[in-house]
Amino acid sequence: MEITQKSRNAIGMPLVGFGTYQLTNEQAELSVIEALKAGYRHIDSAEGYRNEEGTGKGMKAAGIAREEIFVTTKLFPGFQQWGSPEKNYDQTIETLKKQLTQLQLDHVDLYLINAPLAVLRLEQWGALEELKKMGLTKHIGVSNYNEVTIKEIIDAGLTKPEANQIEFHPICAQIDLTRYMKENAIVPIAYSSLAPLSTWRNEVGQGGEVLAEIKKECQLVTKEIADKLNVSEARLLLRWGLQHGYSVLSKSGKPERIRENFNVFNFEIPVGDMERLNGLNQNQPIAWSANGINPMEAAPPLR
Ligand SMILES: NC(=O)c1ccc[n+]([C@@H]2O[C@H](COP(=O)([O-])OP(=O)(O)OC[C@H]3O[C@@H](n4cnc5c(N)ncnc54)[C@H](OP(=O)(O)O)[C@@H]3O)[C@@H](O)[C@H]2O)c1
């Protein structure tokens, strides 16, 4: 697929999105305005980010027609290991309704289960099917699901998820899962594309110091290739995800970085450099490591 500012994937999602994790409500409002000003038309939100009011205000204040923006949000499913009660069918329906109020929207474009953390995940998926029928979301999908947890849904006779949002960068290249999603026409969305950078979540309390050591080799290679192509390492990493057929997300609270991260359409990573970046894979997820779990492996057995 050609990669331009206007190109969209199979569910109509613009390929470059703005993520809102680790922003306060006030930061989310300002950053979403900046992102929409810079040209992003895809916003990624979640119940768990606790800032949907700010995200909603930002989208409203930017004055861009609703149908031009693709909005994703996610259900936090609950997680017994953290003492967070699992949501049942009705609670899942009510959660999106509450989120829509905070976002000041009458529907989202994509609703995801944030991770397969609940025993009740098939019941939650049934509720997502109903939310789609109700018109409260145009598309439904999952996040942090592996082949096993996707197959559980299909084997239960439920509809196949339309998309799966997963951690995807050269250190965590998810090769088998990417192939499986492609074969099954499940739209791939990459999160934490910038996790290999030394600047990733490097403010106190953001958790970026966990696993920082394992990134050293990757940083040497990304710097060398980025310098050669005369782009920043952030742009290189985002472009790598795009050239693998993913939609990519990035988050920043800084206007200049928000603009920089959208500037990924006017260069291409040559095949040889793509291969060097592919060679850095360690099958190592990083994004949730400060929480002490790998969400893709944390699914409790179904009852
Ligand atoms: N489904 C899931 O489980 C899941 C998990 C994680 C993330 N996500 C989604 O994916 C989005 C992106 O992932 P992410 O938040 O992990 O982070 P990311 O976009 O990969 O990286 C953000 C971090 O990198 C820094 N940064 C951003 N642009 C930069 C640049 N151009 N140069 C240098 N440093 C830069 C940011 O700092 P500043 O803010 O200080 O600029 C921040 O610390 C999230 O916001 C969220 O919407 C989903």
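When a ligand or atom number is given, it counts from 1 through the structure's own listing order.
The hydrophobic cluster containing L110, built from Ile/Leu/Val/Met/Phe/Trp/Tyr side-chain heavy atoms closer than 4.5 Å, also comprises I11, M13, F70, F76, F79, W82, L112, L117, V187, I189, Y191, L249, W288, I293.
For K138, there are no side-chain hydrogen bond (donor to acceptor under 3.5 Å, both in side chains) partners two or more places apart in sequence or in a different chain.
Between H244 and F168, the gap from one ring centroid to the other is short of 6.0 Å.
Listed as neighbours of ligand 1 are G19, T20, Y21, D44, Y49, K74, N114, S143, N144, Q165, Y191, S192, S193, L194, L197, T199, W200, R201, E203, A234, L249, S250, K251, S252, G253, K254, R257, E260, N261, W288, each bearing a heavy atom under 4.0 Å from the ligand.
Taking 4.0 Å as the cut-off between side-chain N and carboxylate O, K37 and E34 count as a salt-bridged pair.
Between the side chains of Q99 and E52, at least one donor N or O sits under 3.5 Å from an acceptor N or O.
Within the structure, side-chain hydrogen bond (donor to acceptor under 3.5 Å, both in side chains) pairs that include any residue of residues 13-24 comprise T24-Q27 (at least two apart or interchain).
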